[in-house]
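Here's the structure we're looking at; comments come further down.
Numbers here are sequence positions counted from 1. FYI, side chains are in, hydrogens and waters are out, and symmetry mates aren't considered; it's all heavy atoms of this structure.
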Amino acid sequence: MPAPCDSLLEDIEDIVSAQDVKPHDRQFARKNVVPKVRKRSSQKNVQADDDPPSDSIIPGAQKIWIRTWGCSHNNSDGEYMAGQLASYGYRITENAAEADLWLLNSCTVKSPAEDHFRNSIKKAQEDDKKVVLAGCVPQAQPRQDYLKGLSIIGVQQIDRVVEVVEETIKGHSVRLLGQKKDNGKRLGGARLDLPKIRKNPLIEIISINTGCLNACTYCKTKHARGDLASYPIEELVDRAKQSFQEGVCEIWLTSEDTGAYGRDIGTDLPTLLWKLVEVIPEGAMLRLGMTNPPYILEHLEEMAKILNHPRVYAFLHIPVQSASDSILMDMKREYCVADFKRVVDFLKEKVPGITIATDIICGFPGETDEDFQDTMKLVEEYRFPSLFINQFYPRPGTPAAKMHQAPALVKKQRTKDLSQLFHSYNPYDHKVGERQRVLVTEESFDSQFYVAHNQFYEQVLVPKDPEFMGKMVEVDIYEAGKHFMKGRAVSDANVFTPSITRPLAKGEVSGITEEFKYVLENGLNLKACPSPGIREKASLSSRMVMQLPWLQEGGGLKMLSVSLALLAILVTFYYRGV
């Protein structure tokens, strides 16, 4: 049977007829993004002669498995892609074997993460799965041999994931990797008000900016995420408000460097944080993401005040990477060890009990035994309760990859020595016997406990009482381990509910209002509506729904039926004066 397309498709627009709405007319299309569409050069399994042409497959009826590696920014991107696909009609599954398509969202920070990504691609091809690749690996190095012939969606194009998945299911290879700009100025990532499926319905991850201002010699993420591009404060505040209206009780702010937020748009991180604090409900909490030392030095006083706020975790992730100034210079980290110590010492003094997390790279090119011993002394001095230890991996295309590399055995030994030092002290032993208020947000990996965090974002394991999930609970600490404490609920204490409404169910799409849910479930039977507010909000809900991707893109009979149904609803609203 001949291939569905007899000639090479140079552009995704070539598969759209003259009568169809063009992508530039759709809400989610962006200028200056030129998608390339190619037929697959080869297929492992050739379709049988009696298989229908791939273009006859109705998109939106398939199951999709999404796998994400890496940071919370990547996880947020994955949640947005899942939400858009589910809104279109695709079924998001946790069972990889039953999925028709695998969406693999990659991380390029370390070689092992890319190895897992590559192995997953191979597994998908062996299992005859359709594949769409996302994240930093294909964005930073799209010409890798193992990526050839596969669909790729760039980190700035996740709002067009439905298009890429649709064409991939039809058998096309689609690549969207452009840079979004407005009047020549680089924009951030996708819109913040897109539908999403939160991995944890109680936790909202908000990317406040993409990219960074640094040029660290070891960093591959910079190749993918680019220079700093911050979201406006009002958009971030609106996203936070929507999250709380959907039952979220904890917000994580994330980016490649939260401390640099706003420097490209004439504002700064403290200004954003004070605006966010105003909309956080009582008992709900805000957690700050990683910030590099240079961008917090000038805001130390304000940051200390914010971190003392009862609705902000007294927690900050400040990577040091090395305690040697010469190594920091080779890394192009733009600070010295004294700067890092000044930040930590100031915050520990002004924010009693604060948790400082940090990162260290072992075996960076040129690191001497003396350099490494300085790093060991720093850890011994501060006894960081949270320490991310990374063996150096040269990432292709980075300046550090061209430097003289330390022997593998040296890197491994230094990583082992630092890990032994880290595990030689228990940071929470002195807290046994304390009474703490903790916010319960998830289940432990072994399913034996619920996981909560206290004011300092220290992990506290509590009994699996269903009443505790999503609540602020008072507990007595009776045991401490290296990475956690265990708490017993106080018998006469109140269980406080910080969420202002019922959280979404697991797998439920964010962004759909109660008003619209009522219309979908009850059709035009507005007389039975128990809430007078639904009439007033119906037009707003309808406008919001019309922005969903599955109404912006073509979808065959489903598109026609949904459009007609919505048209009938809107006409009824009009004539009834809603």
Listing, residues 341-358 side-chain donor-acceptor contacts under 3.5 Å, not counting sequence neighbours, or none:
unit_1: Asp345; atom_1: OD1; unit_2: Tyr382; atom_2: OH; d: 2.8
unit_1: Asp345; atom_1: OD2; unit_2: Tyr382; atom_2: OH; d: 3.4
unit_1: Thr355; atom_1: OG1; unit_2: Phe456; atom_2: O; d: 2.8
unit_1: Thr358; atom_1: OG1; unit_2: Ile318; atom_2: O; d: 2.7
unit_1: Thr358; atom_1: OG1; unit_2: Val320; atom_2: N; d: 3.0

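Taking the six-membered ring for Trp and the full ring otherwise, the centers of His453 and Phe315 sit at least 6.0 Å from each other.
Taking the charged nitrogens against the carboxylate oxygens, Lys196 and Glu204 do have a contact shorter than 4.0 Å, which makes a salt bridge. A salt bridge does not link Lys199 to Glu79: none of the charged side-chain nitrogens sits closer than 4.0 Å to a carboxylate oxygen. The pair Asp429-Arg383 does not meet the salt-bridge criterion, since no charged nitrogen lies less than 4.0 angstrom from a carboxylate oxygen. With respect to Glu380 and Lys377, no salt bridge is recorded, no charged nitrogen being found less than 4.0 Å from a carboxylate O.
Using a distance-only test at 3.5 Å, with no hydrogens or angles considered, no donor-acceptor pair links the side chain of Thr217 to the main chain of Pro399. With Tyr231 contributing its side chain and Thr210 its backbone, the two residues share no donor-acceptor pair below 3.5 Å. Distance alone, capped at 3.5 Å, places no donor-acceptor pair between the Asp268 side chain and the Gly262 backbone. At distances below 3.5 Å, at least one donor-acceptor pair connects side-chain atoms of Asp257 with backbone N or O atoms of Asn292. A donor-acceptor pair is defined here as one N or O able to donate and one able to accept, closer than 3.5 Å; no such pair exists between the side chain of Lys275 and the backbone of Leu236. A donor-acceptor contact shorter than 3.5 Å is absent between the side chain of Asn494 and the backbone of Phe496. A donor-acceptor pair under 3.5 Å is absent between the side-chain atoms of Thr68 and the main chain of Gly78, judged by distance alone. Looking at Ser106, its side chain does come within 3.5 Å of a backbone N or O of Ala134 through a donor-acceptor pair. Within the 3.5 Å criterion, the main-chain N or O of Pro270 finds no donor-acceptor partner in the side chain of Tyr261. Within the 3.5 Å criterion, the main-chain N or O of Trp69 finds a donor-acceptor partner in the side chain of Asn74.
Only one option out of Asp359, Leu418, Ile361 pairs with Ile389 in a side-chain contact (heavy atoms from CB on, under 4.5 Å); it is Leu418. Of the options Leu269, Thr271, Asp264, a side-chain contact (heavy atoms from CB on, under 4.5 Å) to Thr267 is made by Thr271 and by none of the others.
Rounded to the nearest 0.5 Å, atoms CG (Asp238) and OG (Ser243) are 10.5 Å apart. The distance from atom OH of Tyr313 to atom CG of Leu286, rounded to the nearest 0.5 Å, is 9.5 Å. With rounding to the nearest 0.5 Å, the separation of CG in Leu461 from NE2 in His483 is 12.0 Å. Here the OG-CG distance, from Ser255 to Leu253, works out to 8.5 Å after rounding to the nearest 0.5 Å. Here CG of Asp159 is found 10.5 Å from CG of Asp77. Values are rounded to the nearest 0.5 Å.
The shortest side-chain heavy-atom distance between Pro310 and Met285 does not fall under the 4.5 Å cut-off. Side-chain atoms of Ile203 and Arg198, non-hydrogen and from C-beta on, never get closer than 4.5 Å to each other. A 4.5 Å side-chain heavy-atom check between Tyr393 and Val109 finds every atom pair outside the cut-off. Two residues are said to be in side-chain contact when any heavy atoms from C-beta on lie closer than 4.5 Å; Phe244 and Thr501 fail this criterion. Within the 4.5 Å cutoff, the side chain of Pro463 has no heavy atoms near those of the Arg488 side chain. Counting heavy atoms from C-beta on, the side chains of Cys249 and Ser499 come closer than 4.5 Å. Side-chain contact between Asn75 and Thr254 is absent, with no heavy atoms from C-beta onward closer than 4.5 Å. Annotation: side chain of Asn214 is not in contact with side chain of Lys332 (no heavy-atom distance under 4.5 Å).
In terms of heavy atoms, Asn209 sits closest to Thr258 at OD1-CA, 4.2 Å. Nearest heavy atom pair, residue Val277 against residue His309, reads CG1-NE2, 3.0 Å. Nearest heavy-atom pair across Ile251 and Val248 is CG1-CG1, 4.3 Å. Closest of all the heavy-atom pairs between Ile197 and Ala86 is CD1-CB, 3.6 Å. Nearest heavy-atom pair across Leu176 and Gln157 is O-OE1, 3.4 Å. The two residues Pro385 and Tyr428 come nearest to each other via the heavy atoms CB-OH, 3.9 Å.
In this model, a donor atom of one side chain and an acceptor atom of the other lie less than 3.5 Å apart for His73 and Glu256. For the residue pair Asn454/Gln436, the side-chain donor-acceptor check at 3.5 Å is satisfied. A donor atom on one side chain and an acceptor atom on the other are not found under 3.5 Å apart for Ser324 and Ser322. For the 3.5 Å distance criterion, the side chains of Thr441 and Glu250 fail to qualify, holding no donor opposite an acceptor.
Under a cutoff of 6.0 Å and an axis angle of 45°, Lys471 and Tyr450 do not form a cation-pi pair. Annotation: cation-pi geometry not satisfied between Lys110 and Phe392 (NZ/CZ under 6.0 angstrom from ring centroid, within 45° of ring axis).
Within 6.0 Å of CZ in Arg263 there are more than 12 heavy atoms belonging to other residues, nucleotides or ligands. Within a 6.0 Å radius of CD in Glu94, other residues, nucleotides and ligands contribute 12 heavy atoms or fewer.
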Exercise for the section: Step by step, work out the side chain to side chain contact (heavy atoms under 4.5 Å, CB included) result for Lys222 and Cys212. Expected result: CA-CA 7 Å; Lys222 176 78 173 187; Cys212 68; 3.8 Å; yes
Practice task
May I have the step-by-step check of side chain to side chain contact (heavy atoms under 4.5 Å, CB included) for Ser444 and Lys464, ending in yes or no?
Solution key: CA-CA 10 Å; Ser444 62; Lys464 284 186 65 175; 6.0 Å; no
Exercise for the section: Check the pair Val473 / Asp465 against side chain to side chain contact (heavy atoms under 4.5 Å, CB included), numbers first and verdict last. Expected result: CA-CA 11 Å; Val473 183; Asp465 184 339; over 6 Å; no
Exercise for the section: Please assess Met485 against Tyr478 for the test side chain to side chain contact (heavy atoms under 4.5 Å, CB included), listing each intermediate value before the final yes or no. Expected result: CA-CA 8 Å; Met485 292 170 275; Tyr478 66 90; over 6 Å; no
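Sorted by first and then second residue, the ring pair (Phe, Tyr, Trp, His ring centres under 6.0 Å) pairs involving residues 262-300 (not counting sequence neighbours) form an empty list.
Residues that satisfy the side-chain hydrogen bond (donor to acceptor under 3.5 Å, both in side chains) test with Asp374, not counting sequence neighbours, are absent from this structure. Listed by chain and residue number, Arg287 satisfy the side-chain hydrogen bond (donor to acceptor under 3.5 Å, both in side chains) test with Tyr457 (two or more places apart in sequence, or in another chain). Judged as a side-chain hydrogen bond (donor to acceptor under 3.5 Å, both in side chains), and not counting sequence neighbours, the contacts of Thr108 are Arg395. By the side-chain contact (heavy atoms from CB on, under 4.5 Å) test, Val432 is found to be paired with Ala480, residues two or more places apart in sequence or in another chain being considered.
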